[in-house]
Number of protein chains: 2
Amino acid sequence: MRSTSLEVALAVDEGDAADSVTPVTTLRIARSLPSEWASLPMDCEARSQYRVLFCDSLLKGHGTVLEEAIEDRKALLVTTPTVDRMYGAAMRAVLKKTNTVSTLVLNAREETKSMELVATVCKEALSHGLNRRGLLIGFGGGVCLDVVTMAASLIRRGVGHVRVPTTLIGQIDAGIGLKGAVNFSGKKSFIGTFHPPEQVLIDPAFLESLPRKFLVAGIAEAVKMGIVRDAALFEMLESWSPELVTSGFGEPAVQGREVLRRSIWAMLDELRKNPYEDQTYERLVDFGHTFSPALEGAMGFEIQHGEAVAIDMALSATIARSLGLIAPEACARILRVLRAASLPIFARPLDVPLCREALIEASRHRGGSMNLVVPAGIGRTVFLKRCDDLPDSVLEHALASLAACVPGAS
Amino acid sequence: MRSTSLEVALAVDEGDAADSVTPVTTLRIARSLPSEWASLPMDCEARSQYRVLFCDSLLKGHGTVLEEAIEDRKALLVTTPTVDRMYGAAMRAVLKKTNTVSTLVLNAREETKSMELVATVCKEALSHGLNRRGLLIGFGGGVCLDVVTMAASLIRRGVGHVRVPTTLIGQIDAGIGLKGAVNFSGKKSFIGTFHPPEQVLIDPAFLESLPRKFLVAGIAEAVKMGIVRDAALFEMLESWSPELVTSGFGEPAVQGREVLRRSIWAMLDELRKNPYEDQTYERLVDFGHTFSPALEGAMGFEIQHGEAVAIDMALSATIARSLGLIAPEACARILRVLRAASLPIFARPLDVPLCREALIEASRHRGGSMNLVVPAGIGRTVFLKRCDDLPDSVLEHALASLAACVPGAS
């Protein structure tokens with residue numbers, strides 16, 4: 001199958017009417033037809049590149065980082081009530097020189113994370129005439145960024161977006177990947193998309209005003225990356241996480257930055273292997289994310305995502321210990337680092353039926369294989385692939401062992 | 001910036017509990033950290049391939065084509081009331097041996113093409129526990145396939161879908177590309193996605209029962225491909241389109257197949273250059289699609305998409321003639337081929353203000369450039385890039401000239 005294409009730029013000069021026209025003219029000679037008619041192939045390739053940028057004092061400088069990100073495009077700022085109250089005025093001052101046409105303050109919480117919220121952003125974009133070169137700026141925590149990512153992927157089949165995460169979980173996890181999702185019909189993140197941002201701007205200054213409980217929740221994702229692939233990060237968290245959650249990563253500053261950077265680097269490095277999750281369903285970053293969705297569902301948003309992840313990691317580590325896959329001391333270090341960061345390691349709704357339900361759902365999401373990630377050491381993991389790999393007796397034993405650590409939980 | 005990664009498969013053999021486990025163990029040595037911390041790059045590449053398959057008697061054989069497409073996956077069939085009435089039973093008989101769990105009959109029309117309809121498909125997928133390996137089968141016209149494509153792109157961040165277009169426009173245009181979209185807040189196709197199908201199955205037999213008005217509307221897209229890049233296709237349509245719209249492409253059969261195949265090949269070949277429309281906003285396939293959305297909007301779905309496209313092509317050709325870009329005889333051939341296929345070349349709502357509005361909207365969608373595609377001959381096109389390239393006087397003259405061709409239109 002050979003194809004030929006000839007493109008010729010023609011000067012158009014045919015009378016007065018054409019004088020004002022500067023068209024691009026393409027002369028096309030029909031390509032030769034394929035010899036095989038029964039099946040016509042179509043190749044699609046989408047390439048994109050984005051960057052995660054560390055910038056100190058994003059709202060204090062002259063706003064050049066944001067101005068450069070927006071260029072001359074029409075932009076729409078999307079934020080949440082809390083972030084707007086704390087930083088809205090400063091952000092708008094920085095955006096003054098740009099073509100940012102509106103600020104949409106969205107009541108974006110886990111409970112409201114829905115297609116309706118996405119539709120609100122789309123409607124605002126429509127009413128301000130955003131074109132395909134238009135830009136959304138997501139300014140807030142993980143939920144706000146999820147909604148903005150979804151909206152950006154859908155408006156006119158995809159417009160660009162820049163993310164400015166203001167929470168720890170946003171800066172090291174939810175805000176730096178390709179994914180966006182909303183809850184649907186009671187099902188967490190059932191509806192979603194892969195839509196790479198253009199840039200993610202990380203300013204640690206936002207963490208200093210973050211309520212302690214969000215810092216605690218966020219640090220769970222840093223612990224996760226330490227356990228699955230960066231023993232040095234894990235050791236930093238063993239030493240510094242109590243101070244970091246107390247100071248909002250302000251003290252000790254050097255270690256705070258290092259934890260952020262190592263966490264982000266580890267996450268990007270994992271995502272890079274399989275950004276659209278179409279190569280394999282074995283993902284290290286799924287550690288802590290198998291039992292946790294069911295737990296979050298059972299607790300009706302009474303639990304922080306990071307807390308549920310911590311409990312999932314504690315359970316997964318304990319399962320690994322019961323199966324003889326991890327040394328008891330390594331498992332103990334994992335439980336200790338979680339508790340040191342004020343993270344929970346057990347919650348009452350967690351029982352065998354809920355865990356089984358979670359494992360079935362995980363299999364649905366992971367192409368039919370359970371792929372439970374359990375640690376085999378610090379920086380070493382095992383994927384338990386089939387439900388049979390995890391007998392009820394092991395699950396019961398692990399749950400009982402964790403319940404026993406928590407006074408009054410069992 | 002060098003990175004190292006060492007993956008070692010370890011045999012796990014640590015006592016009885018581990019015996020039943022066949023885990024994949026990955027030993028990871030943390031990658032070296034990037035030397036440049038200020039900006040971390042992330043590369044994303046999505047590759048996919050699909051095929052458009054010609055299959056005769058899809059519903060009469062043993063269904064092997066569909067069985068092979070579905071494999072062992074859980075599938076959900078989505079269709080429309082008319083298609084279900086005519087072919088639903090036969091389709092379900094063919095799908096009997098597959099794991100197709102449900103048929104969703106969707107009232108999918110241009111008027112109802114909305115996120116609500118997409119949500120209906122998502123809800124059905126959720127209630128039947130479709131996992132990420134799950135599959136949607138879209139069986140119907142362009143609108144049905146649009147909704148299925150949207151739903152497939154969103155469910156669990158993307159599941160596969162197979163399309164079986166039953167209309168001419170579905171088989172040669174709307175059903176064979178990557179795009180899906182729905183109307184939003186009164187705006188046509190404001191919300192959409194790029195989500196390649198796995199396969200598109202083309203069976204010309206469906207066209208034989210298609211109402212004449214849909215055949216007429218569909219042939220407009222074949223005429224479009226002929227004008228912009230395949231003079232041989234254009235000549236076939238000059239000779240055969242009256243018979244083809246009368247016989248539902250059944251007579252003459254050889255020419256009918258050839259028109260389908262040439263149209264599909266031309267479309268795929270154009271899409272292939274820029275499947276995600278992120279390289280350029282100059283697209284030959286936009287011919288006939290600049291004024292038509294505004295006309296469809298103004299006529300409140302009283303006009304077929306293909307009819308609006310025909311009127312747009314007639315206007316674009318007449319503009320080209322007024323600007324001296326196309327020879328009068330070539331323009332006359334274009335108008336003649338449209339009328340021979342019973343397509344309209346003018347409609348009353350088309351006036352200068354509506355055209356201007358359409359051009360502004362097209363610019364929004366084409367990165368700020370108008371990019372009006374006008375023919376410079378059969379198989380030769382010009383892009384008019386700026387609004388200034390098309391003076392009001394030319395537009396008025398072209399509209400008046402077309403109105404004069406239609407008795408009682410002006």
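Just so it is clear: chains get the letters A, B, ... in the order the sequence lines come, proteins before strands, and each one is counted from 1.
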Based on non-hydrogen pairs under 4.5 Å, which of B/Glu45, B/Met42, B/Arg47 is most in contact with chain A?
B/Met42
Does A/Ser369 have any side-chain contact (heavy atoms from CB on, under 4.5 Å) partners at least two apart in sequence or in another chain, and if so, which?
A/Asn371, A/Lys385
Is the cationic atom of A/Arg156 (NZ for Lys, CZ for Arg) positioned less than 6.0 Å from the six-membered ring centroid of B/Phe190 and within 45 degrees of its normal?
no
Go through the atoms of A/Leu126 and report whether side chain, backbone, both or neither lie under 4.5 Å from a heavy atom of chain B.
both
So for A/Ala119, is it side chain, backbone, both, or neither that comes closer than 4.5 Å to the heavy atoms of chain B?
both
Give a yes or no on whether the backbone of A/Leu384 and the side-chain of A/Asp389 come within a donor-acceptor separation of less than 3.5 Å.
no
Residues A/His128 and A/Glu124: side-chain donor-acceptor under 3.5 angstrom
yes
Checking salt bridge (charged side-chain N to carboxylate O under 4.0 Å, His left out) for the pair A/Glu282/A/Arg366: CA distance, chi angles, key distance, verdict?
CA-CA 8 Å; A/Glu282 284 173 16; A/Arg366 293 170 191 165; over 6 Å; no
Which atoms of A/Gln199 come close to chain B, meaning under 4.5 Å heavy atom to heavy atom: side chain ones, backbone ones, both, or neither?
neither
If you tally heavy-atom pairs under 4.5 Å against chain B, which of A/Phe184, A/Phe194, A/Tyr281 wins?
A/Phe184
Comparing A/Lys179, A/Glu277, A/Arg364, A/Arg157 against chain B, the one with the most heavy-atom pairs below 4.5 Å turns out to be A/Arg157
Taking everything shown except B/Lys123 itself, do over 12 heavy atoms lie less than 6.0 Å from its NZ?
no
What option among A/Met150, A/Arg73, A/Lys187, A/Arg257 has the most heavy-atom pairs under 4.5 Å with chain B?
A/Lys187
Examine whether an atom of B/Leu268 lies under 4.5 Å from a heavy atom of chain A, and if so say whether it belongs to the side chain, the backbone or both; otherwise answer neither.
both
Atom group of A/Ile176 that falls short of 4.5 Å from chain B, counting heavy atoms
neither
Can any side-chain N or O of A/His195 pair as donor or acceptor with the backbone N or O of A/Leu154 at less than 3.5 Å?
no
Using non-hydrogen atoms only, which part of A/Ser153 is less than 4.5 Å away from chain B: side chain, backbone, both, or neither?
backbone
Does B/Asn131 have any side-chain hydrogen bond (donor to acceptor under 3.5 Å, both in side chains) partners at least two apart in sequence or in another chain, and if so, which?
none
Contact class of B/Leu233 relative to chain A, heavy atoms under 4.5 angstrom
neither
In terms of heavy-atom proximity below 4.5 Å to chain B, should A/Met115 be classed as side chain, backbone, both, or neither?
side chain
